[in-house]
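Residue numbers begin at 1 in each chain, while the letters A, B, ... track the order of the sequences. Side chains are part of it too, since the values below use all heavy atoms of this structure and drop only hydrogens, waters and symmetry mates.
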There are 2 protein chains.
Amino acid sequence: MKRASIKDIARLANVSHSTVSRALAGSSLVNPETAGKIRKIAEQTGYRPSAAARSLVTSRSATIGVVVTTIADPFAAEVVLGIEDAANEHNYSVILANSNALPEREVKVVRSFEERRVDGIIVTSSRVGATYAETLSQTQVPIVLLNNQHPSEFMHSVMIDNFEASRELMRYLIGLGHRRIAYIGDRYGYQSDTERFGGYRAALEGAGLGLNKSYVMLGDGKPEEGGEAAAALLELRPRPTAIFCYNDMTALGALKAITERGLRVPADISVAGFDDLFLARYSFPPLTTVRQPMREMGRLALETLVQLCDGGESQPFVQVAGELIVRESTAPPKEDS
Amino acid sequence: MKRASIKDIARLANVSHSTVSRALAGSSLVNPETAGKIRKIAEQTGYRPSAAARSLVTSRSATIGVVVTTIADPFAAEVVLGIEDAANEHNYSVILANSNALPEREVKVVRSFEERRVDGIIVTSSRVGATYAETLSQTQVPIVLLNNQHPSEFMHSVMIDNFEASRELMRYLIGLGHRRIAYIGDRYGYQSDTERFGGYRAALEGAGLGLNKSYVMLGDGKPEEGGEAAAALLELRPRPTAIFCYNDMTALGALKAITERGLRVPADISVAGFDDLFLARYSFPPLTTVRQPMREMGRLALETLVQLCDGGESQPFVQVAGELIVRESTAPPKEDS
DNA sequence: ACGTCTCTTGCACACGTGTGCAAGAGTCAG
DNA sequence: CTGACTCTTGCACACGTGTGCAAGAGACGT
């Protein structure tokens, strides 16, 4: 059996379909009594308005597209949760797409979003390469970037204050007495990495410590290479007394590599991360890190987007603050070092 | 500037809109030469067909709805990744919704899916309460449940063979020499928990060991309560020599609680989980667990769904096998115990 | 009685796409 | 030359909803 349409209800109520449309929309143009009758019939029939038909005439879909590199990344998942929660409150639906960092996949995603006439797009933690950015900009819907590289003038963005958060974490480490602090960054040159490295460097200089280039390593943001980088750092003499990792995943690998080599964290060497993923509380030892308010950032991105969709202007560059979370992976350096 | 429609292209090509429609659909009814011209114009205009208009007439949306309790759950995230990947191959889009286990949210989600005329629905790891199940069943689209409680006759489902996987893990522990094995389950009575407990019990009996009820604890599937349950188990005399946790999250909490109390895993006590979440490799020590092929299960659920959408019949009950993953959280029990 | 104003309703069109049917042009056999 | 057939195209309608406009009904003041 087919779904009931507005016409079926009209027939049952002995009115025209226009009246039904108005009644269900709560228009004041329709007699309260007939409106009540119509609503009752709609209820009984289990009527559901067709979003497609509606969007065809209103040219709004009440839908937003969200593209992430992969939803299996805990950071992306938390952000998407925040987005979807907020979208739900505004009666928007979210279409989720994984780009897997594949260019061909990215263009397919944008194409799909265009066909679906999404009202807006949120791009999370993508590198947004040159061609991708161009493709995106050609679509006429508002776009909000979240923690992306290269925020450009035509797109809005929500970001954490990487520089300041990074510097705060570094100050904490330096305050503990550390003088030889290593940094494991990201070789793909994300803007977030660049900024965090900037904070690292600024803090060192602020404390009168020079930048030792051999203490700077690059990984890929995942545990595996984080571990390899940490292992390499352990071979250096003098050995760094603390390692600041670009993100928690990298730190996770570092912790594992260090522990496997028989050293203890933080007794022999301190480790800090960035993100405060859920698992940071359950690593061994629990990880000192910088908390990014991921859900709130997702929510913020969506709020910005709906504001844009409603034709309103919005702050083009929203920045949120990180929060230093001290756990047990950091401590003052050993006496003898 | 508005998006180009099929009519705009028709005007530019001096043909009717029907011809354009056919040409772009690759129909053999249209002259190859004109088809080429039309396609070229469509390309230049950056034409994108309106999914809404199309779905209005074809009454198919090429869209599926996926509802999870929360995408922040790593299990759900992996499953959704598998679903979306497969959906992409079939040119379906996925609408993601978090129910947060709130009944009012669930009915809102289903309502939204109905309005969007999704072609099918996948429900992941939900309890699917009685009223929810009823609501779902009334919607006329095919539904596939993934690791859900109470798979019922009118819905298809994809599940892991919990019983067999659980028994295999238990046999492994027993084979190591363990005789006092505790179980931390889930107090909400998920079917998966019931089945895993069934495997636990069957393995004990198969080895001639009785079920010691004081060794069976209940948590909520999250680390916090897993830790509390483990702490309570440590107080028992004789103390269990191994703990089998309902899922990895619970095991994570158990590991933490045990380590904090100065005991070592696996030297003093063994711990095993279930799921093989990403973080199981990076816990301390790395966790012995049962791997669920989460992405494949997601993919399988989607394949089943599209088969159903295409009117074909499909196996109503798909079951996949788990795989025992032995890491470093399990070892033979201490000599003196 | 008449004009005006308010309240309520229906008509008709628009949105963008797909498709059955007919019709025109061209081809070919008889 | 005629009829049948193929190839290609356009007409017209359908899908389900929203909305400007007109029109009818009733109330009210003059």
May I ask you to decide whether [X] forms a salt bridge with [Y], counting only side-chain N to carboxylate O separations under 4.0 Å?
{"X": "B:E106", "Y": "B:R111", "value": "no"}
{"X": "A:E84", "Y": "B:R105", "value": "yes"}
{"X": "B:R48", "Y": "A:E115", "value": "no"}

- Contact boundaries of DNA chain C with chain B (under 4.0 Å, heavy atoms), 5' to 3'?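 Using the under 4.0 Å cut-off, the span is C:dG16 to C:dG20.
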Scan [X] against the nucleic acid and name what it touches under 4.0 Å (heavy atoms): base, sugar-phosphate only, or nothing.
{"X": "B:V20", "value": "nothing"}
{"X": "B:S5", "value": "sugar-phosphate"}
{"X": "A:T19", "value": "sugar-phosphate"}

- Message: Please compare A:L56 and A:S18 by the position of their nearest nucleotide in DNA chain D and report the one closer to 5'.
- Response: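 The answer here is A:L56.
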- Message: Using a strict heavy-atom distance below 4.0 Å, which residues from residues 21-38 of chain B are in contact with DNA chain C?
- Response: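 Nucleic-acid contacts, sorted: B:S21, B:R22.
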- Item | Residues, nucleotides or ligands: over 12 heavy atoms within 6.0 Å of A:E43 CD |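 Incorrect, the count does not exceed 12.
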- Residue pair A:L302, A:H90: steps toward the side chain to side chain contact (heavy atoms under 4.5 Å, CB included) verdict: CA-CA 9 Å; A:L302 185 112; A:H90 289 270; 3.9 Å; yes
- What's the spacing between B:S61 OG and B:L56 CG if we round to 0.5 Å?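 Those atoms lie 11.5 Å apart.
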- Message: To the closest 0.5 Å, what do you measure between CG (A:D8) and NE2 (A:H17)?
- Response: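 Going from CG on A:D8 over to NE2 on A:H17, the span is 12.5 Å.
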Taking only distance into account, with no hydrogens and no angle test, what donor-acceptor pairs under 3.5 Å do side-chain atoms of residues 92-102 of chain B form with protein atoms, sequence neighbours excluded?
residue	atom	partner	partner atom	Å
B:Y92	OH	B:R60	NH2	3.1
B:S93	OG	A:S112	OG	3.4
B:S93	OG	A:R116	NH1	2.5
B:S99	OG	B:A101	N	3.1
B:N100	ND2	A:D85	OD1	3.4

